[in-house]
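Worksheet for the structure shown next.
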Amino acid sequence: MAFWDAQNGIAFSDPVDGKLLLIRTADGGKTWREFAPDELPATIEGEYAFAASGTCVSVFGENNVWIATGGTAARVFTSTNRGQSWQVFDTKMRSGAPSQGIFSLAFRDALNGVAVGGDYQQPEQPGNTLLRTTDGGKSWQITGWRNENRLSVLRSIFAKWRAKTADRSRSSRMQFFNR
């Protein structure tokens with residue numbers, strides 16, 4: 001679940017009938033309305049999200065939202081109008097097994113974001129564990145961080161950074177991205 005402001009937020013769960021189940025609120029979470037299935041893009045069989053952490057959905061500004069998936073595919077669902085329309089983009093994150101995909105993502109502005117993931121059952125296995133986008137999630141580049149027994153450290157740093165920047169402090173986000 002993520003909120004653009006005190007009243008407007010979005011939440012989701014794994015796919016139902018081939019589409020993510022998305023809900024939204026306009027009253028601070030008192031009531032929620034489900035997006036109609038025809039408003040949502042299809043998922044791939046075996047694609048889902050690691051939603052339990054609450055960090056595979058990210059919002060920025062007044063309208064932008066990103067949702068990361070895993071399993072069969074590691075993709076990013078993105079909307080620039082609070083979920084009224086969606087685009088879906090593939091990433092280079094490891095995927096193909098139930099334990100693989102994007103676990104968390106965050107954006108410092110409408111264009112620049114990071115995604116962390118891999119395989120939680122084999123955290124020391126080499127592979128792409130940190131991706132970066134500079135175009136709002138349309139394309140994802142592998143960063144210099146390759147998994148060399150660092151994935152658990154990276155996830156911990158990412159989780160602490162997300163918690164620290166939950167108040168949308170631009171200075172904290174800028175420090176993270178400019179390292």
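Computation of the quantities below employed the complete heavy-atom set of this structure, encompassing side-chain atoms and omitting hydrogens, waters and symmetry-equivalent molecules.
- To the nearest 0.5 Å, atom OG1 of residue Thr129 and atom CE of residue Met93 are 6.5 Å apart.
- By the side chain to side chain contact (heavy atoms under 4.5 Å, CB included) test, Asp90 is found to be paired with Arg75, residues two or more places apart in sequence or in another chain being considered.
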The test is side chain to side chain contact (heavy atoms under 4.5 Å, CB included); show your working for Val76 and Thr91 and say whether it passes. CA-CA 7 Å; Val76 175; Thr91 71; 3.8 Å; yes

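- Counting heavy atoms from C-beta outward, Val114 and Leu130 have side chains that approach closer than 4.5 Å.
- For residues 67-96, no residue pair satisfies the ring-ring contact (aromatic ring centres under 6.0 Å, His included) rule, not counting sequence neighbours.
- Taking all atoms of both residues into account, the shortest heavy-atom contact from Pro15 to Glu47 is CG-O, 3.2 Å.
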Applying side-chain hydrogen bond (donor to acceptor under 3.5 Å, both in side chains) to Gln141 and Ser139, what does each step give before you reach the verdict? CA-CA 7 Å; Gln141 299 77 41; Ser139 64; 3.2 Å; yes

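- Closest approach of Ala74 to Ser95, counting heavy atoms only: N-CB, 3.5 Å.
- Shown here are the salt bridge (Lys or Arg N to Asp or Glu O under 4.0 Å) partners of Asp5, two or more places apart in sequence or in another chain: Arg82.
- The two residues Ala68 and Ala49 come nearest to each other via the heavy atoms O-CB, 3.4 Å.
- Within the 3.5 Å criterion, the main-chain N or O of Asn112 finds no donor-acceptor partner in the side chain of Thr133.
- Atoms CG and CD, on Asp27 and Gln7 in that order, are 6.5 Å from each other to the nearest 0.5 Å.
- Between the OG1 atom of Thr69 and the CZ atom of Phe50 there is a distance of 9.0 Å, given to the nearest 0.5 Å.
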Listed pairs under 3.5 Å, donor-acceptor, residues 34-46 side chains, sequence neighbours left out:
{"unit_1": "Glu39", "atom_1": "OE1", "unit_2": "Ala36", "atom_2": "N", "d": "2.6"}
{"unit_1": "Thr43", "atom_1": "OG1", "unit_2": "Gly18", "atom_2": "O", "d": "3.0"}

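- Although no hydrogens or angles enter the test, the distance criterion places no donor-acceptor pair under 3.5 Å between the side chain of Gln100 and the main chain of Asp119.
- Between the CZ atom in Arg108 and the CG atom in Leu111 there is a gap of 9.0 Å [rounded to 0.5 Å].
- You'll find the side chain of Ser13 stays beyond 4.5 Å of the side chain of Tyr48, heavy atoms only.
- How far CD1 of Ile23 is from CD1 of Ile10: 9.0 Å, rounded to the nearest 0.5 Å.
- For Ser85, the side chain to side chain contact (heavy atoms under 4.5 Å, CB included) partners are Asn81, not counting sequence neighbours.
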Tell me which donor-acceptor pairs under 3.5 Å the side chains of residues 59-67 have, and how far apart each pair is, sequence neighbours excluded?
{"unit_1": "Trp66", "atom_1": "NE1", "unit_2": "Thr78", "atom_2": "OG1", "d": "3.2"}
{"unit_1": "Trp66", "atom_1": "NE1", "unit_2": "Gly136", "atom_2": "O", "d": "2.8"}

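- Put simply, CD1 on Ile102 and SG on Cys56 are 9.0 Å apart, with the number rounded to the nearest 0.5 Å.
- Cluster partners of Val16, by chain and number: Leu21. The rule joins Ile, Leu, Val, Met, Phe, Trp and Tyr whenever side-chain heavy atoms lie under 4.5 Å apart.
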